[in-house]
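Protein chains get the first letters and strands the later ones, always in sequence-line order, with residue 1 at the start of each. These numbers were taken from a predicted model, which means no experiment stands behind them.
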Number of protein chains: 2
Amino acid sequence: MSGGANLPALRHHNASLVLDLLRVAGEQGISRLELAERTGLTPQAVSKITARLRAEGLAAEAGRLASTGGKPRTVLRLVPDAGYAVGLHLDRDELTAVLADLAGTTVATRTFPLDLGAPAADVLATAAHAVQTVRAEGRRTEDRPVFGVGAALPGPLDHRSGVLHRVTGFPRWDGYPLRDALAEHTGLPVVVDKDTNAAALGLALRERTEADFAYLHLGTGLGAGLVLGGALHRGARTGAGEFGHQTLQLDGPPCHCGGRGCIEALCLAAAGRGDVAEAARVLGAGAANLVGLLDIDRVVLGGRTVAAHEDAYVRGVRAVIEERARREGVTASVPVTVAGGGDRPVAEGAAQLVLAPLFGRAGEDGGERG
Amino acid sequence: MSGGANLPALRHHNASLVLDLLRVAGEQGISRLELAERTGLTPQAVSKITARLRAEGLAAEAGRLASTGGKPRTVLRLVPDAGYAVGLHLDRDELTAVLADLAGTTVATRTFPLDLGAPAADVLATAAHAVQTVRAEGRRTEDRPVFGVGAALPGPLDHRSGVLHRVTGFPRWDGYPLRDALAEHTGLPVVVDKDTNAAALGLALRERTEADFAYLHLGTGLGAGLVLGGALHRGARTGAGEFGHQTLQLDGPPCHCGGRGCIEALCLAAAGRGDVAEAARVLGAGAANLVGLLDIDRVVLGGRTVAAHEDAYVRGVRAVIEERARREGVTASVPVTVAGGGDRPVAEGAAQLVLAPLFGRAGEDGGERG
DNA sequence: TGCACTTTGGCAACAGCGTTGCTTAAGTGG
DNA sequence: CCACTTAAGCAACGCTGTTGCCAAAGTGCA
């Protein structure tokens, strides 16, 4: 990748920055002068940038603040329906599709049965149909653009090339160029990523901060998504987030992966025998490892297994993290919360895979504007 | 922090990029056209940028390549003695100071006895004297600028403010503003960071790639430094790299930190009873966890304990990582090597804390050019 | 030796970025 | 009603990388 920057890149960078602040400000909006303070740009530059954004229909004026002795500040806000993105969550037995607007609000949701073991053509047809359905359903006006499709699915894959690897349990997909195939079927740009990454991105963007963030997903397996510095950390091979098979018990009980003492094995074994407290304690130990290693600011739990006993998992994980923080003499502990909405966060995050680059939240490789 | 970019920022960004490629190219140099290809800038832009760098004395022409049918390419290289930085490693009983040139070559090294438990004024005086000594000793010509001092030391601290926390074993330092104090004593800009971070940065910059990188330091304690995307990952509170007290054995033997089954406790216990193979296996398990979680490209081991049995540790760690890679079906395993030179890498990396921002390798907060 | 061709790299003009200086708009308070 | 304050835009400007063009410096063949 290049890294060299020219004037259009500069312009795009600053526009993304302003757009992200508008997104974070939400319906409440933000004044030009605060944008200037937050970006470090001069007020005049912000005026020019917001004028362009307004001309493109991405931003609009929305009232004014109270005067502080002079002309009152004009409030700007994002125009949510200036553009949309489709998010797909391809799970083992189910396909969830959402249409999200620029503000990240889900304006349409649909669920379809799916068999990931079926031939690629069938899966592709289902996915393309789902895209068409939510596109038709969600937009208030037909002429608004749809920027693309984000597809999230389990198992290893390569985000850069959009090619799948050995999706767990479905070896047939190994080497399948899902991104290009889906792009051809839908006529839209497509981004693919792991389900945990998508969920982590979506949940991180919901917040108003740029804090470092970890999402732990406990369902039929255990995985993690990491958002560092406001953008997904995928690693060179999209392999980051391999959390379930971290060794947490040297020479512990065997795991189906061939290893021993993996977090996933310990956690699911405890959950399987109904010992939620122990499962939460194991998960907490892994989470605390992660928090310490990366100096994470916030941990969010999700997935079906967690959803069944939300309070118990949050309490258990929080207890371990707080205890370790106390040992290290840190006063402020890392907050632990749970992602509501079952599996929806994955599909919503998948849509954010497309939208995030507009706000400068792309991962390592900088995505272009459509 | 801001993030807004203007023309000087653009210019600085591109200059850093070119300077970094020149640094990586080393004595061999690199042609203008290859710089253009690698940065994505036009050849004309590279010509202008390199002309400025040559005018500033940072770059110089160095011969030409063989012709490929037309005018041969002119090779450019970094001028190593265009500037220097001092690196300090404040260890518990010893102070190592180095003077490094722009290319990262150490041109002077000195070691002084030090008692970290002594009053701050004494420690400061020793450090300032060490800085003066290597400054006087190393530079070929007196008029070359020294950009600043990087100070690396154990224990938690805040990189941004330059304030120490509870340096392990020396609680007196808690809250001491080392950066500002040392800046006043030396008259130079100062950067402070953890010893493991400094070592990781220095070792990462030695390589020609921008791969994600982990440095594991096993001495009297066990810590890690992480370089992600070419720059140090410190976390919001400079707390990242807390590797020694990762739980690796749930409910395992107690650790002096108050926890149980920490990697450090397991590893040092094995090393203490002479079981190097077991210590290496434990370290390997932790390293494999880290590699999987972050999709790390390369692991380097260092520290006095490792230095005593380099081959055994490298073999042991490599074995665990390779076994896990095999389980996951990954063909190319992550290389594991050892950092030579005892504790010198820490002091050399400390100098890089000052130099890295010139090459766009600063951490989250973008450092300015002097 | 001479000429056609290829490739490198700089000069000059240019479009477009944020910045600066100043003006206009739109409030508050006496 | 007027002085004052604050917000926001217009115009000119400096500087960025880009584009179009040309000189420099090689190779290869006649």
Taking only the side-chain heavy atoms of [X] (C-beta and beyond), determine which of [options] contains the nearest atom.
X     : options                : result
B:A45 : C:dG10, D:dG17, D:dA12 : D:dG17
A:N14 : C:dT8, C:dG18, C:dA13  : C:dG18
A:N6  : C:dG18, D:dA7, D:dT18  : D:dT18

Looking only at side-chain N and O atoms, does [X] come under 4.0 Å of OP1 or OP2 in [N]?
X     : N      : result
A:T42 : C:dT19 : yes
A:R32 : D:dG9  : yes
A:R52 : C:dG18 : yes
B:R64 : D:dG26 : yes

Separation of [X] atom [atom1] from [N] atom [atom2], in whole Å?
X     : N      : atom1 : atom2 : value
B:L7  : C:dG16 : CG    : C1'   : 9 Å
B:L35 : C:dG10 : CG    : P     : 12 Å
B:R73 : D:dT27 : CZ    : P     : 15 Å
B:L65 : D:dT27 : CG    : P     : 13 Å
A:L41 : D:dA8  : CG    : P     : 15 Å

For this session: State whether the number of non-hydrogen atoms from other residues, nucleotides or ligands found under 6.0 Å of B:E61 atom CD is greater than 12.
Result: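 Enclosed: over 12 neighbouring heavy atoms sit under 6.0 Å from CD of B:E61.
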
Problem set entry | Which residue lies more 5' along DNA chain C, comparing A:I49 with A:K71 via nearest heavy atoms |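 Residue closer to the 5' terminus by nearest nucleotide: A:I49.
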
Exercise. Which sits closer to the 5' end of DNA chain C, A:V46 or A:P72, going by the nucleotide each is nearest to?
Worked result: A:V46

Touch class at under 4.0 angstrom, heavy-atom based, for [X] against every strand present:
X     : result
A:A5  : sugar-phosphate
B:P43 : nothing
B:T74 : sugar-phosphate

Exercise. Is there a side-chain contact between B:N6 and A:T42 (heavy atoms, below 4.5 Å)?
Worked result: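 No, side chains not in contact.
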
For this session: Nearest-nucleotide wise, let me know which of A:Q44 and A:T68 is further upstream toward the 5' end of DNA chain D.
Result: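 This one resolves to A:T68.
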
Exercise. Distance only, no hydrogens: is a donor on one side chain within 3.5 Å (strictly under) of an acceptor on the other, for A:T106 and A:E348?
Worked result: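 The answer is yes; a qualifying pair exists.
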
Problem set entry | Closest approach of B:Q352 to B:P357 (non-hydrogen atoms, all atoms of both residues) |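 Closest pair (atom of B:Q352, atom of B:P357, distance): O-CD, 4.3 Å.
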
Exercise. Is it true that A:R298 and A:E207 have a side-chain N and a carboxylate O under 4.0 angstrom from each other?
Worked result: yes

